[in-house]
Amino acid sequence: MSTHLHSPSLRLEKVRGDFPALHQSVNGRPLVYLDNAATAQKPEAVIEAVSSYYRTDNSNVHRGVHTLSQRATDAFEAARANIARYIGASSPKEVIFTRGTTEAINLVAFCFGGTRFKKGDEVIVSEMEHHSNIVPWQMACERSGAVLRVIPVTDSGELQMEAFRALLSERTKLVAVTHISNSLGTINPVEEIISAAHEHGVPVLLDGAQALPHCSIDVTALDVDFYCFSSHKMFGPTGFGVLFGKEHWLEQLPPYQGGGDMIKVVDFAGTTYNDLPHKFEAGTPHIAGAIGLSAAMDYVSGVGFEFIANQEKDLLLYATGRLKAIDGLVIVGNAKHKAAVVSFNLGSAHPYDVGTILDKFGIGVRTGHHCTQPLMKRLGIPGTVRASFSFYNSRAEIDQLELAVRKAAAMLL
Amino acid sequence: MITSSLISERAAALVEEFELFDDWVDKYQHVIDLGKTLDPIDEAFRTDTFKIQGCQSQVWLQPCSENGLVFFKADSDAQITKGLIAILLRVLNYSVPAEIVRSDLSFLEQLQLKEHLSPTRKNGLNAMIRQIQLYAAAMEANAPLI
């Protein structure tokens with residue numbers, strides 16, 4: 001029995017059984033869900049944690065003296081502690097709850113940029129960033145007179161590290177880059193980026209939205225200053241995310257939004273702000289979101305990164321080989337270190353057409369610029385078709401993808 | 001169709017033509033092929049002024065008129081979108097403006113291509129229908145088209 005459970009195909013079958021949404025038909029075909037970089041499906045454990053919270057513990061957190069409020073507060077703060085442990089934060093105080101990666105980045109851009117960017121200062125981002133790691137910095141630069149500097153990307157979709165080093169100077173106030181590219185799957189050398197920036201005394205923010213579901217993260221070992229991610233890409237509920245910040249940075253920053261929960265004393269003569277992490281969490285938080293993300297992290301720990309890494313490596317290699325064999329198909333993004341993402345174009349066919357035909361085959365992929373217009377401009381393409389895999393995808397699903405892409409090629413080319 | 005206008009007659013003929021397909025692959029192939037029959041737009045119109053912004057595919061629409069009838073030339077960088085445009089224009093082109101303004105486009109449901117017309121589909125087709133009707137309304141009011 002135990003040897004059977006170690007067989008990869010049996011484990012895969014068991015894992016797939018944990019995700020109810022995977023088992024349905026789309027357009028008369030079994031669903032093949034390959035849009036995991038946009039959002040991941042939710043395991044039963046997460047759905048159960050969220051619905052059980054609403055069924056039995058639902059109440060507003062903090063301040064309440066009644067039993068349900070205490071239970072909700074305990075569950076909420078236990079979730080924070082679990083999330084902190086999972087990412088290797090040294091204290092739950094360093095875990096700020098947000099609506100997602102986008103809000104986490106905006107928080108830092110507003111609070112850090114608002115107090116520390118001056119005219120002539122520089123902020124470094126890269127050419128492969130998601131719009132949510134570009135626009136908040138552009139806005140912070142507009143407000144302060146600071147200037148945005150951009151790390152260029154190679155043809156294969158990697159950061160030009162020499163150019164990055166050359167951009168670092170005494171004018172640099174912050175480096176904000178993505179851990180893993182959402183469009184291409186490139187895994188960036190974040191340790192190298194962090195140590196190079198720190199040599200210049202410059203803090204680093206990483207957009208970890210694409211990294212959390214694929215690898216184990218230890219923010220303390222990384223020595224990263226700010227790390228942002230979303231719950232929904234990590235098999236948790238939507239509308240919830242995390243900003244990790246080193247305690248000494250978070251202590252120095254002013255609050256983000258004003259309201260309930262982020263204060264100690266409110267008086268018209270002057271208001272005293274709450275301690276970390278509540279200083280940054282105005283209003284009633286997404287309690288079920290925190291509980292759901294915490295359950296998702298427990299679930300992923302149970303599956304284990306050994307299985308996840310092996311499975312995703314296999315899917316990436318297999319998909320790359322199968323798709324490459326199709327006449328006219330060009331894979332976009334060929335970095336040496338890649339997450340399980342294959343972005344491609346099929347001859348001159350528009351990604352929208354390819355995506356529409358794949359949908360008729362029950363296959364969900366994403367098409368377009370993937371919110372990385374500057375990267376598409378750099379690569380000289382309007383967009384791509386992106387198949388992004390999770391550990392619950394199978395080789396059989398990639399066979400379906402290949403078949404459907406061949407059919408699309410016959411129709412469109 | 002309630003009225004027996006030219007538009008509804010053309011729509012009925014198109015619905016009949018599409019009834020030949022019982023397989024979606026053949027139907028989509030026909031949509032793609034119809035796109036290839038579109039008259040090319042004049043290059044002068046391939047500008048941002050005449051571009052209809054969908055999220056993913058781009059559509060250019062050139063309004064024309066002749067003897068009180070309105071017609072359009074159009075192009076798209078996506079083939080399925082272009083085919084859908086061809087279907088629309090086959091029904092709407094060379095009509096009096098008032099008819100276009102009040103046209104009933106429910107035939108698209110009968111073609112079972114309605115999924116492309118949902119407001120959340122990012123193909124610019126809804127925006128194009130709105131633009132066609134705006135041009136026709138302008139013509140009906142004798143306002144300049146361009």
Side-chain angles (χ1 to χ4, degrees), chain A residues 25-31 35 38-39 130-131 182-183 238 328 332 343-373 375-377 380-386 400 403-413, chain B residues 18 20-38 40-41 46-48 51-60 74-88 108-109 111-128:
Chain A
S25 289
V26 165
N27 291 321
R29 313 239 176 183
L31 167 68
D35 196 16
T39 200
H130 190 284
H131 296 161
N182 70 309
S183 297
T238 54
V332 181
S343 238
F344 63 89
N345 274 310
L346 189 57
S348 58
H350 197 285
Y352 178 82
D353 288 329
V354 180
T356 302
I357 291 171
L358 294 188
D359 176 56
K360 299 297 280 185
F361 280 99
I363 299 172
V365 292
R366 191 136 295 242
T367 62
H369 52 62
H370 316 298
C371 294
T372 54
Q373 287 178 0
L375 177 63
M376 296 299 132
K377 189 175 164 192
I381 49 177
T384 71
V385 181
R386 182 188 69 189
Q400 289 305 308
L403 219 66
V405 173
R406 285 189 186 278
K407 195 78 199 178
M411 292 173 77
L412 295 166
L413 299 184
Chain B
F18 268 76
L20 293 172
F21 304 110
D22 42 15
D23 170 77
W24 74 262
V25 174
D26 295 339
K27 190 165 80 181
Y28 270 66
Q29 193 67 63
H30 189 57
V31 170
I32 291 166
D33 292 342
L34 284 175
K36 292 172 183 160
T37 66
L38 269 184
I41 62 167
R46 203 183 289 277
T47 62
D48 283 350
K51 188 153 104 177
I52 292 163
Q53 212 83 37
C55 182
Q56 297 202 2
S57 54
Q58 309 179 82
V59 173
W60 294 269
D75 196 7
S76 171
D77 54 353
Q79 295 180 58
I80 293 172
T81 305
K82 200 171 164 180
L84 295 167
I85 297 170
I87 287 169
L88 266 179
L108 290 162
E109 287 177 45
L111 301 182
Q112 295 186 345
L113 293 167
K114 198 191 163 206
E115 64 213 51
H116 292 286
L117 293 168
S118 93
T120 50
R121 272 278 166 171
K122 308 283 188 189
N123 58 13
L125 200 66
N126 284 295
M128 191 186 63

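Just so we're on the same page: letters track the sequence lines, and every chain starts at 1.
Among residues two or more places apart in sequence or in another chain, the ring pair (Phe, Tyr, Trp, His ring centres under 6.0 Å) test is passed with His131(A) by His369(A).
Inter-residue side-chain proximity for Tyr28(B) and Thr356(A) is flagged as met; some heavy-atom pair is nearer than 4.5 Å. Two residues are said to be in side-chain contact when any heavy atoms from C-beta on lie closer than 4.5 Å; Ile357(A) and Trp24(B) meet this criterion.
Summarising the local packing, NZ of Lys27(B) is surrounded by more than 12 heavy atoms from other residues, nucleotides or ligands at distances under 6.0 Å.
With values rounded to the nearest 0.5 angstrom, Asp26(B) atom CG is found 8.0 Å from Met411(A) atom CE.
Judged by distance alone, the side chain of Gln79(B) and the main-chain N or O of His350(A) form no donor-acceptor pair under 3.5 Å.
With a threshold of 4.5 angstrom between heavy atoms, Thr367(A) approaches chain B through its backbone and through its side chain.
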